[in-house]
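Letters A, B, ... are given to chains in the order of the sequence lines, protein chains preceding strands, and every chain is numbered from 1.
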Amino acid sequence: MSQEFRTAQGGLVDRGTPLSFRFDGREYQGFRGDTLASALLANGVLRVADSLRLGRPRGIFAAGIEEPNAIVQIEEPFPEPMLTATTVELYDGLVARSLRGHGRLADRPDPARYDSTHAHCDVLVIGGGPAGLAAAATAASSGARVILLDDQPRLGGSLLGAGEHLDWVDTVAAGLAAADETRVLTRTTAFGYYDDNHVVAVERRTNHLGALAPAHLSRERVWRIRARQVVLATGAHERSLAFADNDRPGVMLAGAARTYVNRYGVLPGRRAVVLTTNDSAYAAARDLAAAGVEIAAIADLRPGADGWTVARVHGEERVSAVVLRNEDGTEREVDADLLLVSGGWNPVGALYSQAGGRLAYDPELGAFRPDGNCRQALLVAGAAGGSYDIGVCLAEGAAAGERAADAAGFTARAIVLPETLDPAGTPPAAVWTLPGGDAATQFVDLQRDVTVADLARATGTGMRSAEHVKRYTTAGTAHDQGKTGGTLTSGVVAELLGVEVGALGTTTFRPPYAPVSFAALAGRDRGLLFDPVRVTALHGWHVSRGALFENVGQWKRPWYYPRDGEDLSAAVLRECRAAREGVAMMDASTLGKIDVQGPDAGEFLDRLYTNLISTLKPGAIRYGVMCRPDGMVFDDGTVIRLAEERFLVTTTTGNAAAVLDWVEEWLQTEWPQLRVRCTSVTEQWATVALVGPRSREVLAAVAPGLDVSRAGFGFMTWRDTEVAGLRARVCRISFSGELAYEINVSWWDALALWEALIEAGSAHGITPYGTETMHVLRAEKGYPIIGQDTDGTVTPHDLGLGWAVSKKKADFIGKRSFSRTDTARPGRKQLVGLLPDGGELLPEGAHLVTGAPQRVLGHVTSSYRSAALGRTFALALISGGRDLIGQTVWATLDDGLAPVTVTGSVLYDPEGTRRDG
Amino acid sequence: MMLIPCPWCGPRDESEFHYGGQAGVAYPADPAALSDEEWARYLFFRDNPKGPFRERWSHSAGCRRWFNLVRDTVTNEVLG
Amino acid sequence: MTADRNFRRSPLHDLRDRLATLSGAITVTETPFLAQINVRASTPPSSHPGDVNVLALGPDEFLVVGPPGAEDRLLAEYRAPGVSVVDVSAQRTALDLSGPAVRELLAFGCSIDLHPRVFAIGDCAQTVLAHTPVVVQRRESGFRILVRASFAAHLAAWILDVSPELTSGH
């Protein structure tokens, strides 16, 4: 029993290329050019999964993206859930099953690649039917850059289903393919229309090749297109009517049946009844009859027709007969396996609506269509605007192509359009519900199982807007987003409320127009390319020495360097000991660095920092704190005065870009009169911190020209010199309390410097250390890390940095806020040290409370094991913290409360005896 | 994705810019002379109109220049 | 103790061999150690030595790009009253891209329009490529991407990831 519903000839499928596939466990054959749905119908399979909520039998209903019933799960070659059988192109080896409800994602990573790209054009045409082809060809004739998108594998749109003017389609397609500056993307669905003509589309590049898809090509590609002008030629979707049992398998849109016959050479049934409100179903009936389907009856609902309507449908698993009723109540039962329905056509207005346009109800059309007043640079052509005559569509398309090209500054030529018949016929009627029958089986949304009864319940509770009814009933919220049911829902609700459909309106369309896989949206931005990874010039060295890394912003920083099976704790204790007792070194290149120069540089920095900078002497260095105007600490770092009118400012690693933005903002928007210029030099300079009591000896060995003596090179000064033969700037600053230097060389020379220091320090056991050790060393000294020990609600005074807040300066950013009631009050959270009485390592973030009755005091911000102290310790922000020094508070742990003693924040060498070595 | 006209670099995607909120909120000439309420008004209070809004943008991924523009907050149209 | 000057490492030193495997649709070469001077001046610098390229980064910001080793000479050349100059040679490295698919390559990661009708030879732009801040310059031979040293390896990895789409497409 092979393809018994395939016509003997005709259609656009490639009968020379048979394809094997499995559906619901059975083997079938179809042809290249089939969709899964057309191949199933060719084999007599119309039935798909039962409906989700009510479990009613359902069948293939449409022939394209608007399909509400035929949702399938692809199993092979790779699992993919919830696709519509009407849009899955058939390929050899496809294994699928019908789906009731959710599908399943693969339990293994998808091996396929996905990507996205950008494109720009003068004219973007969306839709490759008659209007879109005419628009694209006309616009392309002008020399404008044109992009044409169509969701089908071949151009032609409705002409493919009608089987008309296909020679013209081929001619135009060939012309577009050959045109310079014109790109045609088939299998591409525009799913989002955003501000300023930004259209996002997804191209299915290799899905249709199944297992034969080349592994190196992306399977799907997201196109982000910026167009000067857009022509929407998105066509129209046919809609159904609300009558009893209108969901039975075998009830099918008339236009879909026509498409199955003409495009796929498939008969969707043997004997059909046609129910229509418009002329288009007659063309379907004509083509089906010509292909051998018996047309048993046509019920035309328009006034002036003979008054027959559909009363009932027999057959649960498949339509077996249709009961027609005349105006006088006479009933006639007609045997049929197919009931073709055309309730009218809805212009596809989703993209127009997304673009900010309004869809207005056209009573003559019986549908909502674009109102023509969209603020974006777009034109609508053809059925998308409510023109259904082929000749009119072609003419509108050509005119839109010409206008769009003209608006973009190009002059189009007339193109050859096919000869068409004069439009003639009878206007459609707007009909929503057929009289009689059980409202609980009159479906408006097949996928959500929403019926006229459900809508009546919604309006009965008092709902008056389309949006409320949608949310109450879920009508229009399924996979198909109400493509066939949305307007019908509006029509029925308007009837129930006794208002005009146009006054009720539609619900709002939002992207995506059609489902898009997350993989496609992620594109190349996953795995290692998910976010840029920034590395220093020494990264390769760190990797080769087995460093583990910590992410700091986008940077990878060495976290610690484990030796011979050491864990974090053991490695950090070792690294800390080296820094406190011998010599250690760290890659500090990630610190942000900003060159600030100009006659007013000192004045500018005085305004930015809480402390006085302008009094700094060239050759000297000062620690500085920056606040926001609200008085909260924003960043800290050192300021180096390079010359009278030139400074180098360092920022925290994670905040470098934010600080540069910050200084530019004040300079440009508030104080443009200041003669100051700021330049990022973060990656100009690589920085190595050389730390520990033996650091002076190591530096002396590599910098023979530098007086490293205590008197000759004082704390918080800098020298330009040669280190290891490299041009270098050495700063005597310390973030550990130990004698320490920061050596800056060109980013290019970082490895040379590093290797030279390793060699010079080897006799002293020089030890590279990472961020964890840096954190322990600074915490032992009570130095806060902005962003770890602060959270945007902390003032310099709260941190115990009141000494860095100038009392002399008339103003600086944040100063006024220090006298605000809340900032000046007692009892604010202050940074203190904590010593856990039981020696626990407190979790960072742990809450701290008073003894009974428990009252929250604050939380732990940093917590470490200290080699120097021989115990665990922590820093914390707690209310009135400095007044609690010496007292016990309680840390909340998973298994209860732990007593901790509050101390000052400086736990190691409070006298500062070690910084000069 | 709005297309924002940078006065120096021309129109660029919105993602290249940093939003700076309402334009024309000047840093007070003498903050010390302000009452707490006046200072709080400078710090925390901004207009939030439905319709045209004069606001600041910085072309942070480009020339890093700040500029003002008027945007309709309903439609995202740049009005000037 | 003196380090060997040849020990100098460009940001893409370790990735050069892999980039060199690209050919046909695109070729990608790091041009390391260029002298680069950031010049801030209210008017564009008027005359230039023959071996430099001046890229306008903003209304008062210019990037002067010269041959390796020219840093000190260019700093002296452009230093003037009211003008600030900063050596930023190591801040960015240069990736020179050429080949028939170079625009296609860039479009994968860059949202600006690089079509010759709007982005001509000599034009430059500061923008984002593969989520990375870059300066893009169109040259006779293709495109030059100036990328921050810390981002260079990411950008190279991204180019290598994209390239199979290009080499097979041509």
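Counting heavy-atom pairs closer than 4.5 Å to chain A, the top-ranked of the candidates B/Thr75, B/Asp30, B/Val78 is B/Thr75. Most heavy-atom pairs under 4.5 Å with chain A, from the set B/Leu43, B/Leu34, B/Asp13, B/Asp36: that is B/Asp36. Contact count versus chain B (heavy atoms, under 4.5 Å) is highest, among A/Gln376, A/Arg628, A/Arg224, A/His198, for A/His198. Listed options A/Asp661, A/Leu660, A/Val200, A/Asn197 were ranked by heavy-atom pairs under 4.5 angstrom with chain B; first place goes to A/Leu660.
Annotation for A/Glu603 and A/Leu674: closest pair CG-CD2, 4.1 Å, computed over non-hydrogen atoms. The nearest pair of heavy atoms linking B/Arg54 to B/Val70 is CG-CG2, 4.1 Å.
Between B/Trp57 and B/Phe67, the ring center distance fails the sub-6.0 Å criterion. For an aromatic pair to be called close, the ring centres must be under 6.0 Å apart, and B/Tyr27 with A/Trp666 satisfies this.
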Could you walk me through whether A/Ser817 and A/Asp630 pass the side-chain hydrogen bond (donor to acceptor under 3.5 Å, both in side chains) test, one step at a time? CA-CA 5 Å; A/Ser817 289; A/Asp630 63 4; 5.9 Å; no
Using side chain to side chain contact (heavy atoms under 4.5 Å, CB included), reason through A/Gln668 and B/Arg65 one step at a time and then give a plain yes or no. CA-CA 8 Å; A/Gln668 292 177 41; B/Arg65 296 304 101 183; 3.5 Å; yes
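If you measure heavy-atom distances from A/Phe812 to chain B, the contacts under 4.5 Å come from the backbone alone. Within the 4.5 angstrom heavy-atom criterion, only backbone atoms of A/Ser819 (N, CA, C, O) approach chain B. Contacts of A/Glu670 with chain B are made by side-chain atoms alone, with heavy-atom separations under 4.5 Å and no backbone atom involved. Contact of B/Val74 with chain A is not made at all, since no heavy-atom distance falls under 4.5 Å. At a 4.5 Å heavy-atom cutoff, the contact between B/Trp39 and chain A is made by side-chain atoms alone.
Remark: A/Gln673 CD to A/Leu667 CG distance equals 9.0 Å, nearest 0.5 Å.
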